[in-house]
*Asks:* 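Pasting in a structure now, in structure tokens, and then I'll have a few things to ask.
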Amino acid sequence: MMSKDYKLNIEKKVDETWKSQVEKEKERIRSDEPKRSQGNSGPSQPAQKETAGEQERQGPGSESAFQIFISSLGIQTLMHLGELPNPMTQQPELQMDQAKHMMDILEMLQQKTKGNLTSTEAQLLDDLLYELRMKYIARIQAISEPPPGAAR
């Protein structure tokens, strides 16, 4: 049996155009920073709550995404509590087990992200959990109380 060594003439192609795109994006962000800070430095503008370190850690736009995510979980919880109508049926639906589950998820997120959130994000999560817990307790009490005029 005869063995031949074949040299395959395969040229490896690597697309490195993404590197230049990333550098352009970084430069654009750097050039936009002075404009944003100048616009917010006037005396009539409210002071920013986050430190520069918090903003850098989160990156541009990530705070908004986290806030939207947390808010969407809160809206789902409100729907399960019957506070908002189900978008499919346009009727309020009471699902206390699901509401409790959603609050547990929010609490887990609070614990797992502790120390990694901006002050605005942490406050949003704290306030949302407090409000949802109060509504949950009120709903439990309303369910367990007999209707007015009912015999005990």
Side-chain angles (χ1 to χ4, degrees), residues 11-148 150 152:
E11 187 177 324
K12 187 175 182 180
K13 294 182 181 181
V14 178
D15 181 15
E16 294 188 6
T17 58
W18 63 272
K19 291 180 182 179
S20 63
Q21 291 172 345
V22 169
E23 286 303 317
K24 287 178 187 176
E25 183 66 17
K26 284 181 182 178
E27 187 58 38
R28 186 188 62 78
I29 291 170
R30 281 188 217 115
S31 66
D32 285 350
E33 276 184 18
K35 293 175 189 172
R36 279 187 268 150
S37 63
Q38 288 172 359
N40 291 337
S41 63
S44 63
Q45 296 291 328
Q48 290 185 351
K49 293 181 183 177
E50 291 84 0
T51 65
E54 289 176 323
Q55 291 172 349
E56 286 177 16
R57 181 177 60 233
Q58 296 298 318
S62 62
E63 182 178 349
S64 298
F66 184 78
Q67 290 175 347
I68 290 169
F69 175 63
I70 294 301
S71 296
S72 70
L73 295 177
I75 289 170
Q76 289 177 44
T77 308
L78 289 172
M79 284 192 305
H80 295 311
L81 288 171
E83 296 283 324
L84 297 173
N86 180 322
M88 301 299 282
T89 63
Q90 298 302 316
Q91 299 296 315
E93 297 174 4
L94 189 60
Q95 299 173 335
M96 297 302 287
D97 291 342
Q98 290 296 320
K100 176 73 170 90
H101 179 70
M102 295 303 295
M103 289 188 301
D104 290 344
I105 290 172
L106 285 164
E107 185 175 358
M108 177 200 58
L109 282 170
Q110 183 182 43
Q111 291 170 357
K112 295 289 185 179
T113 59
K114 192 171 193 149
N116 292 318
L117 300 177
T118 64
S119 57
T120 303
E121 292 168 336
Q123 190 65 49
L124 171 69
L125 197 47
D126 289 344
D127 293 347
L128 180 62
L129 270 169
Y130 176 80
E131 291 297 323
L132 291 173
R133 288 172 179 149
M134 293 299 107
K135 288 184 183 296
Y136 182 84
I137 291 168
R139 185 64 70 180
I140 291 287
Q141 290 173 344
I143 291 170
S144 62
E145 292 178 7
R152 289 187 186 217

*Asks:* Which pairs pass salt bridge (charged side-chain N to carboxylate O under 4.0 Å, His left out) with one or both residues in residues 68-77, sequence neighbours excluded?
*Replies:*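 Not a single pair qualifies under salt bridge (charged side-chain N to carboxylate O under 4.0 Å, His left out).
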*Asks:* Under the criterion side chain to side chain contact (heavy atoms under 4.5 Å, CB included), I'd like the reasoning laid out for Glu121 against Thr113: C-alpha separation, chi angles, the key distance, then a yes or no.
*Replies:* CA-CA 10 Å; Glu121 292 168 336; Thr113 59; over 6 Å; no
*Asks:* Who passes side chain to side chain donor-acceptor pair (under 3.5 Å) against Asp97, sequence neighbours left out?
*Replies:*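 Checked Asp97 against side chain to side chain donor-acceptor pair (under 3.5 Å); zero matches.
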*Asks:* Do Phe66 and Leu117 come within less than 4.5 Å of each other through their side chains, counting heavy atoms only?
*Replies:*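 Touching, per the 4.5 Å side-chain cut-off.
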*Asks:* Find the distance between NZ (Lys100) and CD (Glu107) and round it off to the nearest 0.5 Å.
*Replies:*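 It comes to 7.0 Å.
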*Asks:* Holding to side chain to side chain contact (heavy atoms under 4.5 Å, CB included), I want the full list of residues that pass it with Thr89, two or more places apart in sequence or in another chain.
*Replies:*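 Asn86, Gln91, Glu93.
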*Asks:* Would you be so kind as to tabulate the donor-acceptor pairs closer than 3.5 Å made by side chains of residues 71-82, with sequence neighbours excluded?
*Replies:*
| from | atom 1 | to | atom 2 | distance (Å) |
| --- | --- | --- | --- | --- |
| Ser71 | OG | Gln67 | O | 2.8 |
| Ser72 | OG | Phe69 | O | 2.7 |
| Thr77 | OG1 | Leu73 | O | 2.8 |
| His80 | ND1 | Gln95 | OE1 | 2.8 |

*Asks:* Please tabulate, for the side chains in residues 127-134, all donor-acceptor contacts under 3.5 angstrom to protein atoms that are two or more places apart in sequence or on a different chain.
*Replies:*
| from | atom 1 | to | atom 2 | distance (Å) |
| --- | --- | --- | --- | --- |
| Asp127 | OD1 | Gln123 | NE2 | 2.8 |
| Asp127 | OD2 | Gln123 | NE2 | 3.4 |

*Asks:* Would you mind listing every salt bridge (charged side-chain N to carboxylate O under 4.0 Å, His left out) that reaches into residues 65-88, with sequence neighbours excluded?
*Replies:*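 Every salt bridge (charged side-chain N to carboxylate O under 4.0 Å, His left out) pair that includes a residue of residues 65-88, provided the two are not neighbours, is Glu83-Lys135, Glu83-Arg139.
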